[in-house]
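Comments concern the structure below.
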Amino acid sequence: MTGISRRGLVAGTATAGLVAGAARAARSDPHPLSERALTRIAFGSCARSDKPQPIWDAVLAARPDLFIFLGDNVYLDTRNPAVMRRKYAELAAQPGFQRLKATVPILAIWDDHDFGEDDAGVDYPMKEESRRQFLDFFGEPADSPRRTRDGIYTAHVFGPAGRRVQIILPDLRWNRTPLVPLELGGQDYEAWIEKRAEAGEPTPGPYMRNPETTATQLGEVQWRWLEEQLSVPADVRVLGSSLQVVADFAGWEGWINFAHDHQRLIAAIRDNRANGLICLSGDTHYGEISRLDVNTPYPLWDITSSGLTEVWPVTPPNALRVGEVYREQNFGLLTLGWGDGSPTVLAEIRDVNGAVRLQQAIRVGDLTV
């Protein structure tokens, strides 16, 4: 995010089977299966390494089988490798993160601030160094394909047939074409937005939709990879996106800024009969739940959890929001009920004390092409 507004894989020791499967998964692509079914997946985003992080107590109390970092896991905001190393050292020294790392397997993808700079994309010049430090910090093996291909995107499958969970983590930074600034007739954005806020008017972000068919967040190579992943057999799919997938246009970064990408994702879900997909997202510095059911193969849910330390008091418009917005530190939790062949998902946004602030029950049987 910009201006005045808002702005892998580490294996713990708690579950030997899950850890071993996750470690094997990092060494190859497509990833082999971990034998143990997931029942509780925690997730979150936006954690400044120089701030206290008390939320990890609540995360650990939820006893997740897995934690997914959805981006802005640290705020590098630099082109200096020494500063990058210092920021990661600060996160490593956080007592709560140390306990998480020691007990819970971790998957991670980045957003702009841990990619390197605010709202950065394809032309950020230090992305190779950022990749190296990110993957080193999250324990990615030296022979991982994430170290050499066009981005750090990855996918993992956990659990046996009938309880199989696929987790897909796309990279929305490495290949992302430039954003389109909002047309303000030469006015300064920050002064313009302050005037609108004072007048009680909506405060859109600084970007416009990019209608060009060549504009992309993923790049063509990653798109082919993602489309292949959507054909992998799974009972529940989790698309862990650093940016909101479903939320209606508000001028901030999100899938909706790239019209062709947004429609291509919906088409790929339909064409590959990728049933059971639920989106997780971060970035916003508030928690919310969104639902899109127009011109989609089935209702697309997006559970946004942000931030682990960061809070933004302003709520942009979102016509697809279900319920309220939660504007305090938060993390997300998916609880999977496998039942008798009819899976369910309870999606929750929880506060720093572990109390449920937002929730949505989802029947996986309703997410069918």
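Remark: Asp235 CG to Leu336 CG distance equals 10.0 Å, nearest 0.5 Å. To the nearest 0.5 Å, atom OG of residue Ser242 and atom CG of residue Leu280 are 12.0 Å apart. Note that CG of Leu239 is 9.5 Å distant from CD of Gln166, once rounded to the nearest 0.5 Å. Once rounded to the nearest 0.5 Å, the distance linking CD of Glu140 with CZ of Arg146 reads 4.5 Å. Rounded to the nearest 0.5 Å, atoms CD1 (Ile109) and CG (Leu172) are 7.5 Å apart. For the atom pair CG (Leu277) and CD1 (Ile168), the distance works out to 6.5 Å, reported to the nearest 0.5 Å.
Considering only heavy atoms from C-beta on, Trp338 comes within 4.5 Å of Thr39 through its side chain. Counting only heavy atoms from C-beta outward, the side chains of Cys46 and Leu308 never approach each other to under 4.5 Å. No side-chain heavy atom of Asn257 sits under 4.5 Å from any side-chain heavy atom of Leu243. By the 4.5 Å heavy-atom criterion applied to side chains, Tyr326 and Tyr286 are not counted as neighbours.
For the 3.5 Å distance criterion, the side chains of Ser45 and Asp72 fail to qualify, holding no donor opposite an acceptor. Using modelled atom types and a 3.5 Å distance limit, the side chains of Asp248 and Asn318 yield no donor-acceptor pair. Asp150 and Asn175 share a side-chain donor-acceptor pair at under 3.5 Å. Donor-acceptor pairing under 3.5 Å is lacking for the side chains of Asn73 and Trp110. When only modelled atom types and interatomic distance are considered, Trp225 and Glu228 share no side-chain donor-acceptor pair under 3.5 Å.
Cluster membership check: Val236 shares its hydrophobic cluster with Val369, using side-chain heavy-atom separations under 4.5 Å among Ile, Leu, Val, Met, Phe, Trp and Tyr. Hydrophobic clustering of Ile, Leu, Val, Met, Phe, Trp and Tyr side chains at less than 4.5 Å, counting indirect connections, keeps Val356 apart from Phe43. Under a hydrophobic-cluster definition in which Ile, Leu, Val, Met, Phe, Trp and Tyr are linked whenever side-chain heavy atoms come within less than 4.5 Å, directly or via other members, Ile152 and Val122 are assigned to different clusters. When hydrophobic clusters are built by joining Ile, Leu, Val, Met, Phe, Trp and Tyr residues whose side-chain heavy atoms come closer than 4.5 Å, directly or via intermediates, Val221 is grouped together with Leu169. Cluster membership for Leu334 and Leu60, using ILVMFWY side-chain heavy atoms within less than 4.5 angstrom, is shared.
Between Trp252 and Tyr207, the ring centre distance reaches or exceeds 6.0 Å. A ring-centre distance under 6.0 Å is found for Phe115 and Tyr124. A centroid separation of 6.0 Å or more is found between the aromatic rings of Tyr88 and Tyr75. Remark: aromatic rings of Phe138 and Phe69 are close, center separation under 6.0 Å.
Residue Arg131 comes nearest to Thr148 through the heavy atom pair NH1-N, 3.8 Å, listed as atom of the first residue, atom of the second, then distance. When all heavy atoms are compared, the tightest approach of Asn272 to Glu227 is OD1-O, 3.4 Å. Annotation for Pro204 and Trp192: closest pair CG-CH2, 3.7 Å, computed over non-hydrogen atoms. Counting all heavy atoms, side chain and backbone alike, Trp223 lies closest to Leu265 at CH2-N, 3.5 Å. Residues Gln329 and Thr309 approach most closely at NE2-O, 3.6 Å, considering heavy atoms. The minimum heavy-atom distance linking Tyr298 with Thr368 is given by the pair CD2-N, 3.4 Å.
Applying the 6.0 Å contact sphere to CD of Glu324 captures no more than 12 heavy atoms from other residues, nucleotides or ligands. Residue-environment remark: NZ (Lys195) stays at or below the threshold of 12 foreign heavy atoms within 6.0 Å. The local environment of CG in Asp188 is crowded, with over 12 non-hydrogen atoms from other residues, nucleotides or ligands closer than 6.0 Å. For CD of Glu201, the number of neighbouring non-hydrogen atoms (other residues, nucleotides, ligands) closer than 6.0 Å is greater than 12.
A salt bridge is defined here as a Lys NZ or Arg NE, NH1 or NH2 lying under 4.0 Å from an Asp or Glu carboxylate O, and Asp111 with Arg176 fails to meet this definition. Looking at Arg48 and Glu310, a side-chain N of the basic residue comes within less than 4.0 Å of a carboxylate O on the acidic one, giving a salt bridge. Using a 4.0 Å cut-off between a side-chain N of Lys or Arg and a carboxylate O of Asp or Glu, Asp65 and Arg36 qualify as a salt bridge. A salt bridge is absent between Glu90 and Lys87; no separation between the charged side-chain nitrogens and carboxylate oxygens falls under 4.0 Å. Between Arg99 and Asp57, at least one side-chain nitrogen of the basic residue sits less than 4.0 Å from a carboxylate oxygen of the acidic one, meeting the salt-bridge criterion.
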Evaluation steps, salt bridge (Lys or Arg N to Asp or Glu O under 4.0 Å), between Glu117 and Arg173: CA-CA 10 Å; Glu117 286 182 342; Arg173 294 293 164 184; over 6 Å; no
Verdict with reasoning, Val59 to Val104, per side chain to side chain contact (heavy atoms under 4.5 Å, CB included): CA-CA 10 Å; Val59 172; Val104 181; over 6 Å; no
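Scanning for salt bridge (Lys or Arg N to Asp or Glu O under 4.0 Å) contacts around Arg132 gives Glu129, Asp136, with sequence neighbours left out. Considering only residues two or more places apart in sequence or on other chains, Thr304 meets the side-chain contact (heavy atoms from CB on, under 4.5 Å) condition with Gln244, Ser281, Thr284, Glu288, Asp302.
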Could you go through residues 342-352 and list every donor-acceptor pair under 3.5 Å that involves a side-chain atom there, pairing it with any protein atom two or more places apart or in another chain?
unit_1: Glu348; atom_1: OE1; unit_2: Arg350; atom_2: NE; d: 2.8
unit_1: Glu348; atom_1: OE1; unit_2: Arg350; atom_2: NH2; d: 2.8
unit_1: Asp351; atom_1: OD1; unit_2: Asn353; atom_2: N; d: 2.9
unit_1: Asp351; atom_1: OD1; unit_2: Gly354; atom_2: N; d: 3.0
unit_1: Asp351; atom_1: OD1; unit_2: Ala355; atom_2: N; d: 2.9
unit_1: Asp351; atom_1: OD2; unit_2: Arg357; atom_2: NE; d: 2.8
unit_1: Asp351; atom_1: OD2; unit_2: Arg357; atom_2: NH2; d: 3.0

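Note that Arg264 lies outside the cation-pi zone of Trp255, set by a 6.0 Å cut-off to the ring centre and a 45° limit from the axis.
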